[in-house]
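Below is one structure, written out as structure tokens, with a few remarks after it.
Being a predicted model, the structure only gives us computed values, none of them experimental. Note that ligands are numbered from 1 as they come in the structure, with each ligand's atoms numbered from 1 the same way.
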Amino acid sequence: MKPSDVGHRLSKIVGCQVSWDSHVRDCYSVDASSYLIKPQVVTFPRNESDVIKIIKFARRYRIPVTPRGGGTGLVGSALGKGIILDMRLLGKIKLGANHVKVESGVSKGRLDKILKKQGRFIGTDPSIGPFCTIGGMIGTNAGGIHSLKYGSMIDNLVQVRMVNSAGVVIEFPGKNKFNATITKMHSKNDMHFPKVSKNSCGYRIDVISSKKDLYKLIAGSEGTLGIITSAKIRTYELPKNVLLCIIHYKTLSEAVIDVPDIIKSRPSAVEIVDSNIIKHIKISVPKSGCLLFVEFDTNIQSNRKQIHKITSGRIIKTESDTEKIKKLWNFRNSALAYSLRSITKNETMPTLIEDAVVPVRRLPLLLKLLDMISKKYGLRMIIYGHVGNGNLHIRPILKQKDLRLIKNIAHEFFSGVIGIGGSITGEHGDGLAR
Ligand SMILES: Cc1cc2nc3c(=O)[nH]c(=O)nc-3n(C[C@H](O)[C@H](O)[C@H](O)COP(=O)(O)OP(=O)(O)OC[C@H]3O[C@@H](n4cnc5c(N)ncnc54)[C@H](O)[C@@H]3O)c2cc1C
């Protein structure tokens, strides 16, 4: 069917806006990844009932559907050739004492503002900041700087409501057929999962210990199990005091060796940026080596005293003013933008291998693997990320766009990561990239 035929037929069935205009479809043919897929139509459901009608229509005509939130995903998982559901009009928020019920189109930025008035926050905070939506964050099982202490979406999800591929509303936890199917899969004991602190690869069957937590499977399912319409998410009390320490190391290897000891003191974040990123940071720091950003939001006084004892690096800044800390975090949050600025006109940065996670004690092995691959293929690498979780965003820079070469590098890298007990994606998901 032509886009206009799909659009005309669909708009007769649903009350919401449906667009098959070529410019609109162009806008939705990209997200924050490097892929381009033009959809047939774009829909803007206003509520669950619109979602059900769209799904039933798509099922009848066998058209693929792809839900989309803020389109900030890095792996192309919000792109599709059929019907796109832009979920951002589903925007209701209901506050509870220790949780919040949100419709899936609510942006993180809007939710943060509302929760702040209540003195609370949600623990997951992707570096993109306010632009991503709750549906997208559940879809990718997003993490962020504070996942070290507060977990990824999977750890904070209490309930989910979604529309499945038959157009039926399912609530989790609850009794339904879906549960039975997954229980069967789960009972097979020949599955092996990496023992990492966060993981967005495949379906997270590993976190399911009983029927009650089957709903966790929705986190990281990237829209493949259903369209999330709302969710109940845990919230936390905003910390009263925060301390941020910036520590300089001469090499990445020296820094990662200290990380297991640093995380024993229960920091709220431990992040790393390499010299490629440091170059862009507008505070007085050594421009070579790497920096650890270590944040504490409890036991501030004792951690301020102890931090010297648990690091072999040089503490170059300690900050406890909340506004100044926010500005310092902006440098870390801009790491992807700085990486893009670091590449020259003739270089290319494939987005395939950028999100590996390994057990923290095995970080030295991950660095060795990267060193070996860099030497073998003559690559430059940019490295930053959530080192406290063992999750590094690794950006290899190639001199030319050679797809075969990229595939070879990815294959070697993925095998190496799995070999050292890791996962190929800690928080961004699989998407088209993986
Ligand atoms: C500069 C930058 C920094 C980033 N930093 C981080 C970071 O620190 N941590 C991190 O985890 N991620 C990070 N990301 C990736 C991205 O922001 C997250 O993956 C985010 O959770 C995506 O949310 P979104 O609303 O934009 O989702 P989209 O990109 O729109 O969609 C993501 C996936 O979720 C699915 N989806 C969306 N809505 C629904 C729904 N209602 N029901 C079912 N499935 C749905 C989509 O189909 C897709 O598979 C970063 C991205 C950028 C560009």
Tell me, which protein residue and heavy-atom name are nearest [atom], and how many Å apart are they?
atom	answer
atom 6 (C) of ligand 1	Ser127 N, 3.5 Å
atom 48 (C) of ligand 1	Ser77 OG, 3.2 Å
atom 11 (O) of ligand 1	Gly143 N, 2.8 Å
atom 42 (N) of ligand 1	Ile228 N, 2.8 Å
atom 22 (C) of ligand 1	Thr72 OG1, 3.3 Å
atom 28 (P) of ligand 1	Gly71 N, 3.6 Å
atom 4 (C) of ligand 1	Ile128 N, 3.7 Å
atom 31 (O) of ligand 1	Ala78 CB, 3.7 Å

Using a 3.5 Å cut-off on N or O atoms only, is [X] in polar contact with ligand 1?
X	result
Pro67	yes
Gly70	yes
Pro126	no
Arg68	no
Phe131	no
Met87	no

Run the numbers for me: atoms of ligand 1, each under 4.0 Å from some heavy atom of Ser104, listed by number. 41 (N)
Side chain, backbone, both or neither: Met137 near ligand 1, heavy atoms under 4.0 Å: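 Answer for Met137: both.
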Main-chain N/O of Pro39 paired with Arg25 side-chain donor or acceptor, under 3.5 Å: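 Yes; judged by distance alone, with no hydrogens or angles, the pair exists.
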Would you check whether Met162 reaches within less than 4.0 Å of ligand 1, judged by its heavy atoms? no
Would you say Ser334 contacts ligand 1, with heavy atoms under 4.0 Å as the rule? no
Just checking, any donor-acceptor pair under 3.5 angstrom between side chains of Ser423 and Lys198? no
N-O pairing of Arg68 and Asp31 below 4.0 Å: no
Residue pair Ser33, Leu79: steps toward the side chain to side chain contact (heavy atoms under 4.5 Å, CB included) verdict: CA-CA 10 Å; Ser33 70; Leu79 305 177; 4.1 Å; yes
Nearest-option assignment for atom 32 (C) of ligand 1, heavy atoms, candidates Thr133, Thr140, Val51, Asn141: Thr140
Run down the list Gly73, Ala337, Ser200 and name the one with the heavy atom closest to atom 29 (O) of ligand 1.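 Looking at heavy atoms only, the winner is Gly73.
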I'd like to know whether the aromatic ring centres of Tyr150 and Phe121 sit less than 6.0 Å apart in this structure. yes
